[in-house]
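Single-structure report; data block below.
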Amino acid sequence: TLVKIFLSADLFFTYALFLFPVTESLERTLWDPATFGERSIEIKRNILRGILVFATCGIALLVPSFQVLTGLTGAFGNNVLGLILPPLMYVKLGPAYTTVTTKEKILAYCISGFGIVMFFVCTESFVAEIISILNICLFVLSFSPKIAVSTIVNYSTKNICITNITFLPTLVTQPTAH
């Protein structure tokens with residue numbers, strides 16, 4: 001469809017833009033920037049870039065739903081970069097440039113608090129969606145003093161099936177003579 005064509009074009013043209021800071025940081029960490037331009041270092045830099053491209057391609061092939069992956073990264077990144085950090089940075093760095101009023105501080109903390117709540121709500125929502133897509137069953141053992149219940153939770157159908165109930169013998173301790 002037309003949407004997929006435009007999304008593919010967007011990814012094609014922006015991939016290098018997003019990968020560039022990662023490669024720059026890794027290259028500067030691994031090698032001395034003064035040695036850039038030497039043939040052996042340039043070969044190593046190109047190998048590193050190739051590994052990063054193949055790693056991201058591998059991740060893209062392994063993820064069952066692209067929209068869930070972008071939603072998860074968006075839930076994480078957009079909340080942190082858009083709602084949590086800017087107000088906190090304003091409160092922390094603002095006094096160096098201007099007067100930050102108490103009203104502005106309260107508003108900044110409220111916005112950051114809202115961002116933290118939305119971070120957890122959005123992230124939990126997308127993690128639950130990933131679990132439902134992968135159809136993961138979890139084995140849960142719940143213990144009480146006399147009963148052990150084995151259950152399977154199937155997230156795709158949201159069913160809980162009790163698979164085994166075991167009655168445990170009561171342990172009776174005899175008082176010891178002193």
Side-chain angles (χ1 to χ4, degrees), residues 1-33 35-94 97 104 107-140 151-161:
T1 65
L2 192 59
V3 172
K4 289 183 180 180
I5 292 170
F6 283 124
L7 180 60
S8 297
D10 174 58
L11 291 174
F12 178 76
F13 289 112
T14 60
Y15 179 76
L17 184 68
F18 285 109
L19 196 61
F20 181 73
V22 175
T23 57
E24 281 292 309
S25 296
L26 283 173
E27 289 171 358
R28 291 181 185 280
T29 302
L30 295 173
W31 302 290
D32 181 19
T35 61
F36 290 175
E38 294 177 12
R39 183 169 170 77
S40 63
I41 297 297
E42 290 303 314
I43 290 171
K44 291 176 184 178
R45 289 175 70 191
N46 287 332
I47 290 171
L48 175 67
R49 293 172 189 162
I51 290 170
L52 289 173
V53 169
F54 284 115
T56 54
C57 289
I59 291 169
L61 291 173
L62 293 175
V63 173
S65 175
F66 182 73
Q67 75 181 33
V68 175
L69 179 66
T70 57
L72 183 61
T73 57
F76 182 83
N78 290 342
N79 284 311
V80 171
L81 296 175
L83 292 173
I84 298 171
L85 290 180
L88 295 177
M89 292 171 74
Y90 176 74
V91 169
K92 181 74 174 171
L93 301 175
Y97 303 101
E104 290 174 331
L107 181 62
Y109 290 133
C110 288
I111 293 170
S112 288
F114 176 74
I116 291 169
V117 169
M118 292 309 296
F119 169 80
F120 285 110
V121 168
C122 294
T123 303
E124 187 277 331
S125 169
F126 281 107
V127 167
E129 192 170 340
I130 289 171
I131 288 172
S132 70
I133 287 172
L134 296 176
N135 193 14
I136 294 175
C137 294
L138 298 178
F139 295 94
V140 181
T151 58
I152 296 176
V153 180
N154 187 333
Y155 281 98
S156 64
T157 59
K158 298 196 176 19
N159 290 334
I160 298 175
C161 306

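- Under the 4.0 Å criterion applied to side-chain N and carboxylate O atoms, R39 and E42 are not assigned as salt-bridge partners.
- Note that the CG atom of L85 and the CG atom of N79 stand 10.5 Å from one another [nearest 0.5 Å].
- A salt bridge links R49 with E27: the closest approach of a Lys/Arg side-chain nitrogen to an acidic carboxylate oxygen falls below 4.0 angstrom.
- Between W31 atom CH2 and R45 atom CZ the span is 8.0 Å, to the nearest 0.5 Å.
- Of the inter-residue distances, the one linking T1 atom OG1 with F6 atom CZ reads 10.5 Å to the nearest 0.5 angstrom.
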Listing, residues 107-124 side-chain donor-acceptor contacts under 3.5 Å, not counting sequence neighbours, or none:
residue, atom, partner, partner atom, Å
S112, OG, I84, O, 2.9
S112, OG, A108, O, 3.3
T123, OG1, F119, O, 2.7

Step by step, would you call L19 with L52 a side chain to side chain contact (heavy atoms under 4.5 Å, CB included)?
-> CA-CA 8 Å; L19 196 61; L52 289 173; 4.3 Å; yes
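- Panel note: side chain T56, backbone V53; a donor-acceptor pair is recorded below 3.5 Å.
- In this structure, CG on L26 lies 6.0 Å from CG on L30, to the nearest 0.5 angstrom.
- Nearest heavy atoms, T29 versus S25: OG1-O, 2.7 Å.
- The CG atom of L88 sits 11.0 Å away from atom CG of L83, with the distance rounded to the nearest 0.5 Å.
- Under the ring pair (Phe, Tyr, Trp, His ring centres under 6.0 Å) criterion, Y15 pairs with no residue at all, not counting sequence neighbours.
- E104 is linked by a salt bridge (Lys or Arg N to Asp or Glu O under 4.0 Å) to nothing, counting only residues two or more places apart in sequence or in another chain.
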